[in-house]
Amino acid sequence: MQMRLALTALLVLSACQVPRVPGVSTPTPTPAGTVEAGGSFRVALTADATTLDPWNANDTNTLLVTRQIFETLVDYDGAAFKIVPKLAETWTVSPDGRSWTFALRRGVKFHDGTDLDAAAVVLNIDRARQAAHPLRGQSSGGSPFRSYAALLEGFDDASVIVRAEAKDSGTLVITTKMPFGPLLADLAMPSFAIVSPKSMRDDPAGWSTPASRGAAGTGPFVFRPGAWQPGQQIALERSAEYWMKDQPGGPPLPYADRVVLRVIRDETARIAELRSGGLDAVRDVTALTLPAVKGDPNLQLLVRPAASTTFLGVAALAPFDKVEVRRAIAMSIDRSLLATTLFSGAGRPASQLLAPGMLGYDDSVLEFYRLDIGGAKRLLADAGVASPVTTELWYPSAWRAHYPDPKRVAETVASDLAKIGIVATVRTEDAAAYLADARAGRLPLWLGDAGGDSADPDSYFSDGGAWAGDVVRELLRRARYEADASKRTELYKQVSKIIQQEATRIPLVQADSLVAATKKVRGLVPHPIGVEAYTQVWLGR
C-alpha cells in the first residue's frame, strides 16, 4: 500500500528546486523553428485505464490518459508547483475568502465543437456535488487518488464547495463553505478536469467506457471511437483545433500527431520494448531495470521531482514519550546513506515533511538533525534511559513502484538505532491494519509516507496533526481556512519548526522517480504529481 497522510490539495508559489541526479538529463527550452512536429509518441502504462471520466479516476495510469484529453481551470507550471492559468485566465477571491471568481478563456471549444463556458463548468461541479445527478458516473475505486466527487463530499462531512454558478457565459463563481486555502491547488489536479456536457448527455452510460463514441474535452489530444483497445492500448489523435499556441514562429500545438498509451504490465518487458524501439518512454523506472537503462547509449533518464517524504513515525509510548529520546533517534539515522543506497540513486536526505518547492517549505532548514551517534547516546543518558531499549519498528507491506523494498528501509533504520542501544525488531502487517494501528499510536516506531492525493500541505496533515499536540493542530486549522497564500506559508513553516523540535515525525528521504526515454524524445518534463500532458513533446532525429 501507499502510506498516505493526506486527503486534500496544495496551493504553491515557488519552483521546485532539486539537485540533479547523476546520469539524468535536464530538459532545456526548445528554440523556435527547431521542432520536428508529427509522429506518434508511445508511452507504457503499467495497467489498463479504468475510465475516461477524470472525476472518477483513481490511479495514475487512468489519469495519464485523461490528462491528454481534458483540462482543468488552473494548472501547475512545468515541473513545479506554481499555479498558472489554464481554462481560467484570471481569478479573484472575496475579502472573506469564500467566493472565488474565475474569468474563463474565450474562444475555447470542446472536441465535439461545443463552447467551453461557465455553465459547462458548473455542470461538472454539480455532478460531483450531487449524489443523484444523472451524469455523476461511477468511481473506478482504488488508491492513491480520490475522485473529484469524494473530495467535494469528504470535508467536514459536507462539500467544501456549496455553490457553483455562471455569472455569465465567461464568468464562474465558486462559493465555499468556509475560507479554504487548498482550493486552487485542488482545482489544478487532473481529477478536476472539465468534460463536455454534450458528450456526457449524448451517451450517459457509455461515454467514459471503451465503447465511448467520443469523450470530449478541450485538451491537446482527441479520443475517437475505437481508440481504446482494452488491455492493449489507447491511441489518441492530435486536436487540430487546440486553443493553446506555441511561441512565435513555432508550429501549432500539440507537436505529436498521436499519443499511444500501451499496456505493458511487466517492467522488464517495458524496458525491453523501449530499447527495441517499440516505445518512446517508460515511467517510474526502478532499481530492477535502472542498470539496463543507464547502460544503453540510446536512452536518457528524466527526473520526476519528489512530491512526498518517507518518515519515521514515533508514538507517545515509553520511553519515546520523552523528547530527548525522539531527538536521539533523529540524530542516529544516516539519511545520506539511506538515500544513496536504497533509493535508486534518486533520493536525498529530507529536512522536513513537505516536499521542496511546496507552499510552506522552509528553504532555511537544511537538515532535520545532524548525524551524531555520540550526541544521541548522551541524550538517552540524560533522559535516564538505560540501554538496551527493546522495541518494534513496523513497515508497510508494499510501497510505491519507484521506492525500494520498505523492509530494507526498515532494516537499515533499525541498524542505525542499534548503534545507540535501541534494539528494534522489524515487523509488518496488512495495509489496512497497518494504517489504522499507525494512526492510532499503537506502533512504537513505523515507516510512513507524507504526501497527499494532491500537492497542498493540507493533504500532508490530513489527520489534523493529532500526534503533534494542540499548538500544531491549531496552526493546521488556521492554514486550512486561510485563503492568503503568504499567510499559509508562514503557518506551515511554524508547523515544520515544531515538528523539528518535538521529533514526533522524523523525515528520512525524499525520492525522485525516474522516467526513461529514447534520446529522440524532446520536451518531456515529468511532473511531481505523477502525470503530465504531452502537449509539447516531440521526436527528434
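Remember, predicted model here, so these are calculated numbers, not experimental data.
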field: Under the salt bridge (charged side-chain N to carboxylate O under 4.0 Å, His left out) test, residues paired with Arg98 that sit two or more places apart
entry: none
task: Looking only at non-hydrogen atoms, find the nearest pair between Ala79 and Val525 and report the distance.
output: CB-CG1, 3.5 Å
message: I'd like to check Trp207 versus Asp53 (side-chain heavy atoms, cut-off strictly below 4.5 Å). Are they in contact?
response: yes
task: Indicate yes or no: at least one non-hydrogen side-chain atom of Gln494 is less than 4.5 angstrom from one of Lys497.
output: no
query: Does a side-chain heavy-atom distance below 4.5 Å link Thr309 with Gln352?
result: no
Test salt bridge (charged side-chain N to carboxylate O under 4.0 Å, His left out) applied to Lys109 - qualifying residues, sequence neighbours left out: Asp115
message: Run Ser496 and Leu353 through side chain to side chain contact (heavy atoms under 4.5 Å, CB included) and show every step you take.
response: CA-CA 7 Å; Ser496 291; Leu353 291 179; over 6 Å; no
From Ile161 atom CD1 to Leu183 atom CG, the distance as rounded to the nearest 0.5 Å: 5.5 Å
query: Which residues satisfy the ring pair (Phe, Tyr, Trp, His ring centres under 6.0 Å) test with Tyr361, sequence neighbours excluded?
result: none
field: Leu87 side chain reached by Val121 side chain, heavy atoms, under 4.5 Å
entry: no
query: Who are the salt bridge (charged side-chain N to carboxylate O under 4.0 Å, His left out) partners of Glu36, not counting sequence neighbours?
result: Arg541
Side-chain donor/acceptor of Gln130 to backbone N/O of Ala132, under 3.5 Å: no
query: Sub-3.5 Å donor-acceptor pair from the side chain of Thr72 to the main-chain atoms of Phe192, do we have one?
result: no
- prompt: Of all residues at least two apart in sequence or in a different chain, which pass the side-chain contact (heavy atoms from CB on, under 4.5 Å) check with Glu502?
  reply: Val323, Arg326, Ile498, Thr504
query: When you measure from the side chain of Ser351 to the backbone N and O of Val365, does any donor-acceptor pair fall under 3.5 Å?
result: yes
- request: Heavy atoms only: give me the nearest Glu532-His527 pair and the separation to one decimal.
  value: OE1-N, 2.9 Å
message: Does any part of the side chain of Ile234, heavy atoms only, come nearer than 4.5 Å to the side chain of Gln68, both counted from C-beta?
response: no
message: Can you pull out every salt bridge (Lys or Arg N to Asp or Glu O under 4.0 Å) where at least one residue sits in residues 61-73? Sequence neighbours excluded, please.
response: Arg67-Asp75, Glu71-Lys86
field: Closest contact, heavy atoms only, Leu123 versus Leu135
entry: CD2-CD1, 4.1 Å
- request: Please confirm whether the backbone N or O of Ala483 pairs with a side-chain atom of Arg488, one donor and one acceptor, at under 3.5 Å?
  value: no
Asp77 side-chain N/O to Ala80 backbone N/O, donor-acceptor pair under 3.5 Å: no
Donor-acceptor contact below 3.5 Å, side chain Ser94 vs main chain Ser99: yes
task: Determine whether Arg283 and Arg304 make a side-chain contact, defined as any pair of heavy atoms from C-beta on separated by less than 4.5 Å.
output: yes
Over 12 non-hydrogen atoms of neighbours within 6.0 angstrom of CD in Glu241: no
statement: With sequence neighbours left out, the residues meeting salt bridge (charged side-chain N to carboxylate O under 4.0 Å, His left out) with Asp257 are none
- request: For residues Pro457 and Leu354, report the shortest heavy-atom separation together with the two atoms involved.
  value: CB-CD2, 3.7 Å
message: Just so I know, are the side chains of Phe368 and Ile506 near enough to count as touching, which here means a heavy-atom distance under 4.5 Å?
response: yes
Salt bridge (Lys or Arg N to Asp or Glu O under 4.0 Å) partners of residues 209-236, not counting sequence neighbours, each pair once: Asp203-Arg213, Arg224-Glu237
- request: Hey, can you tell me if Tyr492 and Phe461 have their rings parallel, tilted or perpendicular (30° and 60° cut-offs)?
  value: parallel
field: CZ on Arg258 to CZ on Phe221, rounded to 0.5 Å
entry: 10.0 Å
- request: Using modelled atom types only, decide if a donor and an acceptor are shared between the side chain of Thr489 and the backbone of Ala485 within a distance under 3.5 Å.
  value: yes
task: Report the residues that fulfil side-chain hydrogen bond (donor to acceptor under 3.5 Å, both in side chains) with Asp117, sequence neighbours left out, ordered by chain and then residue number.
output: none
- prompt: Can you list the steps and then say if Val84 with Tyr76 is a side chain to side chain contact (heavy atoms under 4.5 Å, CB included)?
  reply: CA-CA 6 Å; Val84 296; Tyr76 295 111; over 6 Å; no
field: Reported CZ-to-CG distance for the pair Arg105 and Leu73, which is rounded to 0.5 angstrom
entry: 11.0 Å
- request: Check side-chain contact (heavy atoms from CB on, under 4.5 Å) between Val537 and all other residues, then give those that pass, not counting sequence neighbours.
  value: Phe41, Val521, Leu524, Tyr534
task: Using atom types as modelled and distance alone, determine if a side-chain donor or acceptor of Thr209 lies under 3.5 Å from a backbone N or O of Gly206.
output: yes
query: Who are the side-chain contact (heavy atoms from CB on, under 4.5 Å) partners of Gln233, not counting sequence neighbours?
result: Gln229, Ala235, Val260, Arg262
- prompt: Where do Ala166 and Val122 come nearest, in terms of heavy atoms and distance?
  reply: N-CG2, 3.7 Å
field: Ser196 side chain to Asp112 side chain, donor-acceptor N/O pair below 3.5 angstrom
entry: yes
- line: Rounded to the nearest 0.5 angstrom, the CZ-CG distance for Phe110 and Leu116 is 4.5 Å
statement: Residues at least two apart in sequence or cross-chain that pass side-chain contact (heavy atoms from CB on, under 4.5 Å) with Ala227, listed by chain then number, are Phe223
query: So, Arg238 side chain and Pro254 main chain: donor-acceptor pair closer than 3.5 Å or not?
result: yes
- prompt: What distance separates Arg348 CZ from Gln510 CD, expressed to the nearest 0.5 Å?
  reply: 6.0 Å
- request: Give the intermediate values and the outcome of side chain to side chain contact (heavy atoms under 4.5 Å, CB included) for residues Trp100 and Leu187.
  value: CA-CA 12 Å; Trp100 296 75; Leu187 295 176; over 6 Å; no
- prompt: Roughly how far, to the nearest 0.5 Å, is the CG atom of Asn61 from the CG atom of Leu261?
  reply: 9.0 Å
- request: Give the minimum heavy-atom separation between Phe81 and Ala306, together with the two atoms involved.
  value: CZ-O, 4.5 Å
- request: Side-chain contact test, heavy atoms from C-beta onward, threshold under 4.5 Å: evaluate it for Thr60 versus Thr46 and give yes or no.
  value: no
